[in-house]
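In what follows, a single structure is set out as structure tokens and then discussed.
We name chains A, B, ... by the order of the sequence lines, and we start the count at 1 in each one.
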Amino acid sequence: MLQVNEIRDNFDRACEGLKKRNLPEPESLLQEVLKLDDKRKQTQVERDGLQAESNAMARQIGQLMKEGKKEEAEAAKRQTAAIKSKVKALEEDYATCEESLIRLLYTIPNVPHPSVPAGKSAEDNEVVLQKGTIPALTGTQKMPHWELIKKYDIVDFELGVKITGAGFPVYKGKGAKLQRALINFFLDEAEKAGYKEVQPPILINEESGYATGQLPDKEGQMYLAGADGLYLIPTAEVPITNMYRNEVLSESDLPKKNAGYTPCFRREAGNWGAHVRGLNRLHQFDKVEIVQITHPDQSYPSLEEMSLHVQGLLQKLELPYRVLRLCGGDMGFTAALTYDMEVFSAAQERWLEVSSVSNFETYQSNRLKLRFKNQDKKTVLAHTLNGSALALPRIVAALLENNQSDQGIRMPQVLVPYLGFEWIS
RNA sequence: AGAGAGGUGUCCGAGCGGUCGAAGGAGCACGCCUGGAAAGCGUGUAUACCCCUAAAGGGUAUCGAGGGUUCGAAUCCCUUCCUCUCUACCA
């Protein structure tokens, strides 16, 4: 959620930024925010003033009672009724104001960083860099991963359908081991990079969902455990970032770096089609997430650091990849700047998104009330960042497709110690 | 899951209808004391929103959360969350 004071102080900058997101009329929208906030303040002044009066009267009555002046006290009591009903009315006004202000703020996405390119869709994303060699596959050695997994019997979709439904695959044998190897590899790398490993809950309450911005706008994307009002996490970002909800850290604690492995659950309602065959899109998948809480001055250097960390993983996995700077139209609601990492899946001949690294600046921390005390002892909002490092299924897809040959599928060297084998054959 | 107890400031802990943002202690900060330190003494020690601002000052709210009773609630009532003890169950 944007900060009202920031909007007030940097009105033009906010408008310019929101235009990159193709918001039709950010000016009037932001004006509306300021108007509501003004009204809120004005109501507060009135309410507080009357409440002060009411409090004074109550004190007076107390005093009179003590002095035994019963008659006078009773008379004073009768006078309070009018003021009380006014206070009550103003309290309701205030609550209404505040609620509509917050509701409006919830509909406004984060202001993009100046470096974010304008644009409408994924087509307009900026390719920052591309690395690695795209393998040249031919003939029988150019099987898409959904055929390879059948050939080697390592991932079983039909079995998942029986147990749960579409999009819940069963990993078997070397397929299951590959999952475990990747998770351990990613966690070990994160630890080396200074991230503290955590294992958070994978069900979250409503408050957590609001705090990191999944609610209210992505309500339909999450699975709901209705009996208990809990949501299955769509990403470990939610529980890990929420560890710091309502916290005041000290400046010396920053940056906080956490990494965690969790399964992730996404309903992906209305998001299915031919282009999402096999492992390309699932309802349940595994991911290692890295999360940072930083000083506002440090968040962009940290974002670069996280991007390099993810790139390092892809290099070690010997996968050809590219880095995109997302345009205003393609960027997530809560992000100020996002890099997407895509690997090339050689049989599908497609780039697959395997990571998304974002700086949210204070958009999340404002809802989270995640602050720190700076050197002037002032409490200020921290910046939050997170990124996938990495999401497994598409990595698996690319590994299978890119490394296939007549001898089988060769695993990258870094994984061999984790796997205990080099070939899937 | 059942029965009981309880949730107060950085921490411990008192308060159980009025002057309580909240006794007392510990901690922390600053000052005095000291050759230095400890002890001792003194002073200070929450957050949010808002008013007025040059500064100072002031208002409102906050004693797990939400609602209610009352002129007035940390104190009474209701709902809810959490913790502890016992019982039951269980990976």
Side-chain angles (χ1 to χ4, degrees), chain A residues 1-9 33-106 199-211 215 224-231 239 242-253 262-263 362 364-382:
Chain A
M1 169 168 80
L2 293 175
Q3 301 177 75
V4 176
N5 289 337
E6 283 294 312
I7 296 175
R8 201 179 290 280
D9 295 344
V33 170
L34 296 185
K35 223 172 83 191
L36 275 170
D37 190 52
D38 286 339
K39 198 173 160 212
R40 195 202 101 239
K41 285 189 201 170
Q42 192 197 322
T43 313
Q44 183 179 351
V45 171
E46 284 179 50
R47 182 202 64 184
D48 286 359
L50 276 175
Q51 186 61 254
E53 250 182 79
S54 171
N55 288 348
M57 283 170 104
R59 264 193 301 270
Q60 214 172 22
I61 291 168
Q63 192 59 35
L64 290 170
M65 300 284 270
K66 214 172 205 173
E67 292 167 9
K69 297 176 181 167
K70 251 195 150 178
E71 296 287 304
E72 287 179 49
E74 287 305 317
K77 272 194 203 178
R78 265 167 274 150
Q79 285 177 23
T80 59
I83 201 165
K84 272 192 70 179
S85 69
K86 270 196 218 162
V87 168
K88 188 151 196 187
L90 281 167
E91 253 166 14
E92 275 162 26
D93 287 354
Y94 184 84
T96 310
C97 269
E98 197 173 36
E99 201 187 309
S100 35
L101 177 61
I102 287 173
R103 210 196 314 249
L104 182 61
L105 285 170
Y106 275 169
Q199 252 190 47
I202 59 176
L203 286 166
I204 52 144
N205 58 30
E206 204 180 41
E207 215 180 335
S208 295
Y210 274 99
L215 294 172
L224 174 64
D228 297 287
L230 300 173
Y231 294 90
N242 268 285
M243 296 195 306
Y244 299 97
R245 170 150 49 88
N246 279 323
E247 292 288 325
V248 181
L249 306 169
S250 58
E251 186 164 344
S252 57
D253 291 338
T262 67
T362 60
Q364 287 184 328
S365 58
N366 192 25
R367 287 194 198 181
L368 287 157
K369 293 202 175 65
L370 196 190
R371 294 152 299 167
F372 71 95
K373 266 213 180 359
N374 69 13
Q375 282 164 345
D376 305 331
K377 304 240 171 170
K378 278 223 161 187
T379 310
V380 295
L381 292 174

[atom1] atoms of [N] and [M], separation to the nearest Å:
| N | M | atom1 | result |
| --- | --- | --- | --- |
| C16(B) | C77(B) | P | 15 Å |
| U87(B) | C28(B) | C1' | 44 Å |
| G59(B) | U75(B) | P | 23 Å |
| A26(B) | A61(B) | C1' | 29 Å |
| A55(B) | C63(B) | P | 31 Å |
| A56(B) | U47(B) | P | 16 Å |
| C33(B) | A22(B) | C1' | 33 Å |

Just the rounded figure in Å: distance from [atom2] of [N] to [atom1] of [X].
| X | N | atom1 | atom2 | value |
| --- | --- | --- | --- | --- |
| Glu53(A) | C51(B) | CD | C1' | 16 Å |
| Leu249(A) | U47(B) | CG | C1' | 16 Å |
| Leu64(A) | G72(B) | CG | P | 15 Å |
| Gln51(A) | U70(B) | CD | P | 16 Å |
| Gln42(A) | C50(B) | CD | C1' | 13 Å |
| Asn366(A) | C49(B) | CG | P | 10 Å |
| Glu46(A) | C49(B) | CD | P | 21 Å |
| Arg59(A) | A73(B) | CZ | C1' | 15 Å |

[N] pairs with which nucleotide, Watson-Crick or G-U wobble, both distances below 3.5 Å?
| N | answer |
| --- | --- |
| C41(B) | G31(B) |
| C16(B) | none |
| U85(B) | A3(B) |
| U70(B) | none |
| C90(B) | none |
| U10(B) | A26(B) |
| A48(B) | U60(B) |

Show me the donor-acceptor pairs, under 3.5 Å and distance only, between side chains in residues 201-210 of chain A and residues at least two apart or in other chains.
unit_1: Asn205(A); atom_1: OD1; unit_2: Glu207(A); atom_2: N; d: 3.4
unit_1: Asn205(A); atom_1: OD1; unit_2: Ser208(A); atom_2: N; d: 3.0
unit_1: Asn205(A); atom_1: OD1; unit_2: Ser208(A); atom_2: OG; d: 3.0
unit_1: Glu207(A); atom_1: OE2; unit_2: Arg245(A); atom_2: NH1; d: 3.3
unit_1: Ser208(A); atom_1: OG; unit_2: Arg245(A); atom_2: NH2; d: 2.8

Should [X] be listed as having a side-chain N or O under 4.0 Å from OP1 or OP2 of [N]?
| X | N | value |
| --- | --- | --- |
| Lys84(A) | G72(B) | yes |
| Asn55(A) | A61(B) | yes |
| Arg47(A) | A61(B) | no |
| Lys373(A) | U47(B) | yes |

Hey, what are the protein-to-nucleotides 75-81 of chain B N/O distances that come in under 3.5 Å?
none

Could you please name the option among [options] that lies closest to any side-chain atom of [X]?
| X | options | value |
| --- | --- | --- |
| Arg371(A) | A48(B), C71(B), G68(B) | A48(B) |
| Thr379(A) | A48(B), C71(B), G59(B) | A48(B) |
| Ala52(A) | C50(B), C71(B), G59(B) | G59(B) |
| Gln44(A) | A61(B), C49(B), C71(B) | C49(B) |
| Arg40(A) | C51(B), G68(B), C49(B) | C49(B) |
| Met65(A) | G18(B), C49(B), U60(B) | G18(B) |

For Glu91(A), is the CD atom crowded, meaning more than 12 foreign heavy atoms sit under 6.0 Å from it? yes
Do other residues, nucleotides or ligands put more than 12 heavy atoms under 6.0 Å from Glu67(A) CD? yes
Hey, which sits more toward the 5' end of RNA chain B by its nearest nucleotide, Gly62(A) or Gly49(A)? Gly62(A)
First encountered from the 5' end of RNA chain B, between Gln63(A) and Lys41(A): Gln63(A)
Are any of the side-chain heavy atoms of [X] and [Y] separated by less than 4.5 Å?
| X | Y | result |
| --- | --- | --- |
| Asp38(A) | Arg8(A) | yes |
| Glu74(A) | Lys77(A) | yes |
| Tyr244(A) | Leu249(A) | yes |
| Leu105(A) | Val4(A) | yes |

Kindly compute the distance separating CG (Leu104(A)) from CE (Met1(A)), expressed to the nearest 0.5 Å. 11.5 Å
When rounded to the nearest 0.5 Å, the distance separating CD1 of Ile7(A) from CG of Leu2(A) is 5.0 Å
Exam field: side chain Ser54(A) to backbone Leu50(A), donor-acceptor pair closer than 3.5 Å: no
